[in-house]
Amino acid sequence: MKILITGGAGFIGSHLVDKLLYEQHEVYVIDNLSTGSLENIRHNLENTNFHFVHEDINSYDVLYDLCSKCNLIFHLASSVGVKYIMDNPVKSLNSNILSSISIIKIAADLKKRIVVFSTSEIYGKNKSPELRENDDRIIGNSFRWSYSIGKAVAEYYCYAYGKEIGLDYVVIRCFNIVGPRQVGNYGMVLPRLVGQALQNEPMTVYDDGTQVRTFTHVNDLVNILSLIVENSEINKEIFNVGSNNSISIIDLAKKIKAITSSLSEITFIPTREIFGSDFEDPKVRIPSNDKLLSIIGEYNFLNIDEIINNVVEYFIKTYNFEPKSIFEPSMKCR
Ligand code: UDP
(Lines give C-alpha, C1' and ligand atoms only; values in the text may rest on other atoms or scores of the structure.)
Protein backbone atom coordinates (compact mmCIF):
# COMPACT_ATOMS: atom_id res chain seq x y z
CA MET A 1 0.00 0.00 0.00
CA LYS A 2 0.91 3.65 -0.30
CA ILE A 3 0.60 5.14 3.15
CA LEU A 4 0.84 8.75 4.36
CA ILE A 5 1.96 9.48 7.92
CA THR A 6 1.57 13.05 9.13
CA GLY A 7 4.07 13.71 11.89
CA GLY A 8 6.12 10.72 10.73
CA ALA A 9 9.39 12.15 12.09
CA GLY A 10 8.03 12.26 15.61
CA PHE A 11 8.42 9.68 18.32
CA ILE A 12 5.42 7.46 17.50
CA GLY A 13 5.33 8.32 13.79
CA SER A 14 8.92 7.26 13.17
CA HIS A 15 8.32 3.85 14.77
CA LEU A 16 5.26 3.43 12.58
CA VAL A 17 7.39 4.33 9.53
CA ASP A 18 9.89 1.58 10.47
CA LYS A 19 7.14 -0.98 10.88
CA LEU A 20 5.36 -0.13 7.60
CA LEU A 21 8.60 -0.07 5.58
CA TYR A 22 9.49 -3.44 7.11
CA GLU A 23 6.11 -4.69 5.87
CA GLN A 24 7.11 -3.49 2.35
CA HIS A 25 4.66 -0.61 2.09
CA GLU A 26 5.53 2.63 0.34
CA VAL A 27 5.55 5.33 3.00
CA TYR A 28 5.14 9.11 2.64
CA VAL A 29 5.86 11.37 5.60
CA ILE A 30 4.96 15.02 6.03
CA ASP A 31 6.53 16.67 9.06
CA ASN A 32 7.61 20.23 9.89
CA LEU A 33 10.21 18.92 12.36
CA SER A 34 8.83 21.20 15.11
CA THR A 35 8.76 18.49 17.77
CA GLY A 36 9.91 15.64 15.52
CA SER A 37 13.51 15.12 14.45
CA LEU A 38 15.35 14.10 11.30
CA GLU A 39 17.40 11.76 13.50
CA ASN A 40 14.28 9.62 13.98
CA ILE A 41 13.99 8.88 10.25
CA ARG A 42 17.55 9.39 8.95
CA HIS A 43 18.11 5.62 8.68
CA ASN A 44 15.25 5.41 6.15
CA LEU A 45 16.18 8.33 3.90
CA GLU A 46 17.96 6.10 1.34
CA ASN A 47 15.09 3.62 1.16
CA THR A 48 13.34 3.99 -2.22
CA ASN A 49 10.01 3.13 -0.56
CA PHE A 50 10.36 6.13 1.76
CA HIS A 51 9.49 9.73 0.85
CA PHE A 52 10.00 12.58 3.30
CA VAL A 53 8.33 15.96 2.77
CA HIS A 54 9.62 18.66 5.13
CA GLU A 55 6.51 20.79 5.29
CA ASP A 56 3.82 21.96 7.69
CA ILE A 57 0.54 20.10 7.37
CA ASN A 58 -1.25 23.42 7.26
CA SER A 59 0.17 23.67 3.69
CA TYR A 60 -3.09 22.59 2.12
CA ASP A 61 -1.95 21.93 -1.45
CA VAL A 62 0.97 19.74 -0.38
CA LEU A 63 -1.25 17.83 1.99
CA TYR A 64 -3.97 17.34 -0.62
CA ASP A 65 -1.44 16.08 -3.16
CA LEU A 66 0.04 13.57 -0.66
CA CYS A 67 -3.40 12.33 0.39
CA SER A 68 -4.34 11.85 -3.28
CA LYS A 69 -1.30 9.60 -3.81
CA CYS A 70 -2.00 7.29 -0.85
CA ASN A 71 -4.58 4.61 0.03
CA LEU A 72 -4.28 5.00 3.78
CA ILE A 73 -3.54 7.98 6.04
CA PHE A 74 -2.22 7.97 9.59
CA HIS A 75 -2.76 11.39 11.13
CA LEU A 76 -0.31 11.89 13.98
CA ALA A 77 0.96 15.44 13.41
CA SER A 78 0.14 17.32 16.57
CA SER A 79 1.66 19.44 19.28
CA VAL A 80 2.51 17.07 22.09
CA GLY A 81 3.32 17.24 25.76
CA VAL A 82 1.58 19.28 28.42
CA LYS A 83 4.57 21.59 28.76
CA TYR A 84 4.87 22.27 25.03
CA ILE A 85 1.15 23.04 24.78
CA MET A 86 1.21 25.43 27.73
CA ASP A 87 4.30 27.18 26.29
CA ASN A 88 3.09 27.33 22.63
CA PRO A 89 -0.66 27.97 22.82
CA VAL A 90 -1.39 29.32 19.30
CA LYS A 91 0.83 26.83 17.50
CA SER A 92 -0.76 24.01 19.47
CA LEU A 93 -4.32 25.06 18.69
CA ASN A 94 -3.45 25.40 15.00
CA SER A 95 -1.83 22.03 14.71
CA ASN A 96 -4.29 20.15 16.91
CA ILE A 97 -7.51 21.65 15.58
CA LEU A 98 -7.08 23.37 12.19
CA SER A 99 -4.82 20.80 10.59
CA SER A 100 -6.92 17.90 11.87
CA ILE A 101 -10.11 19.37 10.43
CA SER A 102 -8.32 19.95 7.16
CA ILE A 103 -6.92 16.43 6.72
CA ILE A 104 -10.13 14.71 7.86
CA LYS A 105 -12.08 16.70 5.26
CA ILE A 106 -9.52 15.82 2.55
CA ALA A 107 -9.75 12.12 3.49
CA ALA A 108 -13.54 12.31 3.33
CA ASP A 109 -13.55 14.09 -0.06
CA LEU A 110 -11.00 11.69 -1.55
CA LYS A 111 -12.64 8.63 0.09
CA LYS A 112 -9.42 7.53 1.83
CA ARG A 113 -9.24 5.46 4.99
CA ILE A 114 -7.80 7.53 7.85
CA VAL A 115 -6.48 6.58 11.27
CA VAL A 116 -6.62 9.58 13.61
CA PHE A 117 -4.50 9.60 16.76
CA SER A 118 -6.35 10.81 19.80
CA THR A 119 -5.47 10.66 23.47
CA SER A 120 -6.38 9.44 26.94
CA GLU A 121 -6.60 13.19 27.77
CA ILE A 122 -10.03 12.93 26.10
CA TYR A 123 -11.39 11.56 29.41
CA GLY A 124 -10.09 14.61 31.30
CA LYS A 125 -10.55 14.27 35.05
CA ASN A 126 -12.69 11.14 34.88
CA LYS A 127 -11.29 9.00 37.72
CA SER A 128 -12.80 5.69 36.64
CA PRO A 129 -10.42 2.80 37.37
CA GLU A 130 -11.13 1.49 33.83
CA LEU A 131 -11.88 4.12 31.24
CA ARG A 132 -14.14 2.86 28.49
CA GLU A 133 -14.51 4.40 25.05
CA ASN A 134 -17.99 5.80 25.76
CA ASP A 135 -17.19 7.13 29.25
CA ASP A 136 -17.74 10.78 30.14
CA ARG A 137 -15.21 13.42 29.33
CA ILE A 138 -14.80 15.58 32.45
CA ILE A 139 -12.95 18.70 31.42
CA GLY A 140 -11.90 21.74 33.46
CA ASN A 141 -11.82 25.35 32.41
CA SER A 142 -8.16 26.23 31.97
CA PHE A 143 -6.10 26.26 28.76
CA ARG A 144 -4.52 23.02 29.89
CA TRP A 145 -7.59 21.24 28.52
CA SER A 146 -7.23 22.68 25.00
CA TYR A 147 -5.34 19.57 23.87
CA SER A 148 -8.16 17.33 25.05
CA ILE A 149 -10.76 19.54 23.39
CA GLY A 150 -8.75 19.76 20.15
CA LYS A 151 -8.59 15.98 19.95
CA ALA A 152 -12.30 15.73 20.74
CA VAL A 153 -13.03 18.12 17.85
CA ALA A 154 -11.02 15.85 15.52
CA GLU A 155 -12.96 12.82 16.77
CA TYR A 156 -16.26 14.61 16.18
CA TYR A 157 -15.22 15.56 12.64
CA CYS A 158 -14.48 11.89 11.93
CA TYR A 159 -17.89 10.97 13.25
CA ALA A 160 -19.61 13.73 11.26
CA TYR A 161 -17.95 12.92 7.92
CA GLY A 162 -18.47 9.23 8.63
CA LYS A 163 -22.18 9.77 9.13
CA GLU A 164 -22.77 12.21 6.31
CA ILE A 165 -20.49 10.96 3.52
CA GLY A 166 -19.25 7.59 4.74
CA LEU A 167 -15.68 8.50 5.82
CA ASP A 168 -13.79 5.30 6.67
CA TYR A 169 -11.99 6.13 9.93
CA VAL A 170 -10.46 4.61 13.03
CA VAL A 171 -9.65 6.71 16.10
CA ILE A 172 -6.90 5.50 18.43
CA ARG A 173 -6.83 6.92 21.97
CA CYS A 174 -3.25 6.44 23.17
CA PHE A 175 -2.46 6.01 26.86
CA ASN A 176 1.05 7.26 27.80
CA ILE A 177 3.04 5.71 24.96
CA VAL A 178 6.76 5.48 25.76
CA GLY A 179 9.96 4.06 24.31
CA PRO A 180 13.14 4.95 22.41
CA ARG A 181 13.21 8.35 20.61
CA GLN A 182 10.78 9.97 23.06
CA VAL A 183 12.39 13.04 24.58
CA GLY A 184 11.80 14.70 27.93
CA ASN A 185 11.74 18.28 26.57
CA TYR A 186 7.97 18.46 26.36
CA GLY A 187 7.23 17.14 29.82
CA MET A 188 6.92 13.37 29.28
CA VAL A 189 7.65 11.80 32.59
CA LEU A 190 9.40 8.54 31.73
CA PRO A 191 12.23 9.87 29.54
CA ARG A 192 12.66 12.80 31.94
CA LEU A 193 13.08 10.56 34.96
CA VAL A 194 15.38 8.15 33.09
CA GLY A 195 17.57 11.05 31.87
CA GLN A 196 17.73 12.56 35.35
CA ALA A 197 18.53 9.21 36.98
CA LEU A 198 21.31 8.40 34.51
CA GLN A 199 22.94 11.76 35.20
CA ASN A 200 22.46 11.49 38.98
CA GLU A 201 20.40 14.68 38.87
CA PRO A 202 17.37 15.32 41.10
CA MET A 203 14.39 13.32 39.82
CA THR A 204 11.40 15.63 39.45
CA VAL A 205 8.21 14.05 40.74
CA TYR A 206 5.31 16.51 40.50
CA ASP A 207 3.05 17.11 43.50
CA ASP A 208 3.02 14.05 45.79
CA GLY A 209 3.60 11.50 42.99
CA THR A 210 0.41 9.56 43.73
CA GLN A 211 -0.88 10.24 40.19
CA VAL A 212 -1.39 6.94 38.38
CA ARG A 213 -0.63 6.42 34.68
CA THR A 214 -0.57 3.36 32.39
CA PHE A 215 2.57 3.08 30.27
CA THR A 216 2.62 1.31 26.90
CA HIS A 217 5.67 0.57 24.78
CA VAL A 218 5.59 2.16 21.33
CA ASN A 219 6.34 -1.21 19.68
CA ASP A 220 3.16 -2.61 21.19
CA LEU A 221 1.23 0.36 19.83
CA VAL A 222 2.53 -0.09 16.27
CA ASN A 223 1.93 -3.85 16.37
CA ILE A 224 -1.63 -3.24 17.49
CA LEU A 225 -2.13 -0.59 14.80
CA SER A 226 -1.18 -3.10 12.11
CA LEU A 227 -3.67 -5.59 13.49
CA ILE A 228 -6.46 -3.03 13.53
CA VAL A 229 -5.76 -1.40 10.19
CA GLU A 230 -5.31 -4.65 8.26
CA ASN A 231 -8.91 -5.47 9.07
CA SER A 232 -10.95 -3.32 6.68
CA GLU A 233 -14.14 -4.30 8.47
CA ILE A 234 -13.01 -2.12 11.37
CA ASN A 235 -14.49 1.15 10.31
CA LYS A 236 -15.97 4.19 12.13
CA GLU A 237 -14.61 2.91 15.45
CA ILE A 238 -12.77 4.40 18.44
CA PHE A 239 -10.29 2.32 20.45
CA ASN A 240 -8.34 2.85 23.65
CA VAL A 241 -4.81 1.52 23.26
CA GLY A 242 -3.02 1.07 26.55
CA SER A 243 -1.38 -1.73 28.49
CA ASN A 244 -2.03 -2.99 32.00
CA ASN A 245 1.17 -1.28 33.31
CA SER A 246 -0.53 1.07 35.80
CA ILE A 247 1.83 2.63 38.30
CA SER A 248 2.01 5.76 40.46
CA ILE A 249 4.64 8.31 39.45
CA ILE A 250 6.47 7.98 42.76
CA ASP A 251 6.72 4.20 42.29
CA LEU A 252 7.87 4.77 38.72
CA ALA A 253 10.62 7.11 39.97
CA LYS A 254 11.73 4.54 42.59
CA LYS A 255 11.80 1.78 39.97
CA ILE A 256 13.85 3.87 37.53
CA LYS A 257 16.26 4.85 40.33
CA ALA A 258 16.74 1.18 41.26
CA ILE A 259 17.12 -0.08 37.68
CA THR A 260 19.74 2.59 36.86
CA SER A 261 21.49 2.28 40.29
CA SER A 262 21.20 6.05 40.36
CA LEU A 263 22.43 8.31 43.16
CA SER A 264 19.68 10.82 42.32
CA GLU A 265 17.50 12.27 45.02
CA ILE A 266 13.75 12.03 44.34
CA THR A 267 12.33 15.55 44.69
CA PHE A 268 8.72 16.72 44.84
CA ILE A 269 7.74 19.84 42.90
CA PRO A 270 4.24 21.37 43.04
CA THR A 271 2.76 21.52 39.51
CA ARG A 272 1.54 25.06 40.25
CA GLU A 273 5.21 26.16 40.30
CA ILE A 274 5.66 24.84 36.77
CA PHE A 275 2.33 25.34 35.05
CA GLY A 276 0.57 27.96 37.23
CA SER A 277 -2.03 27.77 39.98
CA ASP A 278 -4.98 26.74 37.79
CA PHE A 279 -3.21 23.65 36.44
CA GLU A 280 -5.05 20.37 36.97
CA ASP A 281 -3.28 17.03 36.72
CA PRO A 282 -5.57 14.00 36.26
CA LYS A 283 -5.16 11.71 39.27
CA VAL A 284 -5.74 8.36 37.59
CA ARG A 285 -5.68 7.25 33.97
CA ILE A 286 -6.22 3.57 33.32
CA PRO A 287 -7.73 2.19 30.10
CA SER A 288 -10.18 -0.59 29.61
CA ASN A 289 -8.84 -2.68 26.74
CA ASP A 290 -11.95 -4.80 26.43
CA LYS A 291 -13.00 -3.33 23.09
CA LEU A 292 -9.48 -3.58 21.65
CA LEU A 293 -8.96 -7.18 22.78
CA SER A 294 -12.36 -8.19 21.42
CA ILE A 295 -10.94 -7.31 17.99
CA ILE A 296 -7.27 -8.35 18.16
CA GLY A 297 -7.54 -11.21 20.67
CA GLU A 298 -5.16 -11.74 23.60
CA TYR A 299 -2.10 -9.50 23.53
CA ASN A 300 1.01 -9.62 25.76
CA PHE A 301 2.17 -6.09 26.45
CA LEU A 302 5.78 -5.42 27.48
CA ASN A 303 5.82 -4.91 31.25
CA ILE A 304 7.06 -1.77 32.99
CA ASP A 305 10.50 -3.22 33.88
CA GLU A 306 11.09 -4.26 30.25
CA ILE A 307 10.01 -0.80 29.10
CA ILE A 308 12.32 1.04 31.52
CA ASN A 309 15.27 -1.21 30.64
CA ASN A 310 14.68 -0.59 26.94
CA VAL A 311 14.52 3.20 27.40
CA VAL A 312 17.64 3.17 29.62
CA GLU A 313 19.52 1.14 27.01
CA TYR A 314 18.46 3.61 24.32
CA PHE A 315 19.57 6.63 26.38
CA ILE A 316 22.96 5.11 27.09
CA LYS A 317 23.47 4.17 23.43
CA THR A 318 22.28 7.49 22.01
CA TYR A 319 23.26 10.45 24.17
CA ASN A 320 26.46 11.99 25.44
CA PHE A 321 25.76 12.57 29.08
CA GLU A 322 27.03 16.10 29.27
CA PRO A 323 25.10 17.98 31.93
CA LYS A 324 21.59 18.88 30.71
CA SER A 325 22.39 17.90 27.11
CA ILE A 326 19.50 15.49 26.78
CA PHE A 327 16.95 18.22 27.38
CA GLU A 328 18.24 20.54 24.68
CA PRO A 329 16.23 20.53 21.42
CA SER A 330 19.24 19.56 19.29
CA MET A 331 20.29 16.32 20.86
CA LYS A 332 23.84 15.18 20.61
CA CYS A 333 24.10 11.72 19.17
CA ARG A 334 27.12 9.51 19.25
N1 UDP B 1 5.29 14.22 35.86
C2 UDP B 1 6.19 14.20 36.90
N3 UDP B 1 7.46 14.66 36.66
C4 UDP B 1 7.87 15.12 35.42
C5 UDP B 1 6.95 15.11 34.37
C6 UDP B 1 5.65 14.65 34.61
O7 UDP B 1 5.88 13.80 38.03
O8 UDP B 1 9.04 15.51 35.29
C9 UDP B 1 3.94 13.68 36.10
C10 UDP B 1 2.79 14.53 35.55
O11 UDP B 1 2.43 15.51 36.48
C12 UDP B 1 1.72 13.47 35.32
C13 UDP B 1 2.50 12.21 34.98
O14 UDP B 1 3.84 12.45 35.42
O15 UDP B 1 1.00 13.24 36.51
C16 UDP B 1 2.53 11.89 33.49
O17 UDP B 1 2.96 13.03 32.81
P18 UDP B 1 3.21 13.06 31.24
O19 UDP B 1 3.46 14.48 30.86
O20 UDP B 1 4.26 12.05 30.90
O21 UDP B 1 1.87 12.52 30.60
P22 UDP B 1 0.32 12.93 30.85
O23 UDP B 1 -0.27 11.71 31.48
O24 UDP B 1 0.27 14.13 31.74
O25 UDP B 1 -0.21 13.17 29.51
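Read the numbers this way: they start at 1 and go in the same order the structure lists the ligands and their atoms.
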Ser248 and Gln211 side chains, donor-acceptor separation under 3.5 Å: no
Arg173 and Tyr123 side chains, donor-acceptor separation under 3.5 Å: yes
Within-cut-off N or O pair, Gln196 and ligand 1, under 3.5 Å: no
For the student: nearest non-hydrogen atoms of Asn40 and Phe11, plus distance: ND2-N, 4.1 Å
Distance filter under 4.0 Å to Gln211 heavy atoms, resulting ligand 1 atoms: 11 (O), 15 (O)
Close-contact set for ligand 1 against Arg213 heavy atoms, below 4.0 Å: 12 (C), 15 (O), 16 (C), 22 (P), 23 (O), 24 (O)
Mutual orientation of the aromatic rings belonging to Phe117 and Phe74 [parallel < 30°, tilted 30-60°, perpendicular > 60°]: tilted
Pair Gln196, Ser264: side-chain N/O donor-acceptor within cut-off below 3.5 Å: no
Atoms of ligand 1 close to Ile249 [distance to a heavy atom under 4.0 angstrom, numbered from 1]: 7 (O), 13 (C), 14 (O)
Heteroatom distance test (Thr271, ligand 1): nitrogen or oxygen, under 3.5 angstrom: no
Nearest neighbour in protein (non-hydrogen) for atom 5 (C) of ligand 1: Gly187 O, 3.2 Å
Polar side chain donor-acceptor pair, His25 to Asn49, under 3.5 angstrom: no
Side chain, backbone, both or neither: the part of Asp281 lying under 4.0 Å from ligand 1 by heavy atom: side chain
Proximity of Thr204 to ligand 1 by residue part, where a heavy atom lies under 4.0 Å: both
Atom 7 (O) of ligand 1: the protein heavy-atom neighbour that sits closest, reported with distance to 0.1 Å: Tyr206 N, 2.8 Å
Distance-only N or O hit between ligand 1 and Val189, under 3.5 Å: yes
Any side-chain donor near an acceptor of the partner, Asn245 and Asn303, under 3.5 Å: no
Geometric class of the Phe52/Phe50 ring pair [parallel <30°, tilted 30-60°, perpendicular >60°]: parallel
No-hydrogen, no-angle side-chain donor-acceptor test under 3.5 Å, Glu55 and Ser59: yes
Which of the ligand 1 atoms, numbered from 1, are nearer than 4.0 Å to a heavy atom of Arg285: 22 (P), 23 (O), 25 (O)
Ligand-side contact atoms (ligand 1) for residue partner Val205, heavy atom cut-off under 4.0 Å: 7 (O)
Residue portion contacting ligand 1 (non-hydrogen atoms closer than 4.0 Å) for Asn176: side chain
Atom 8 (O) of ligand 1 [closest protein heavy-atom partner, distance rounded to 0.1 Å]: Arg192 NE, 2.7 Å
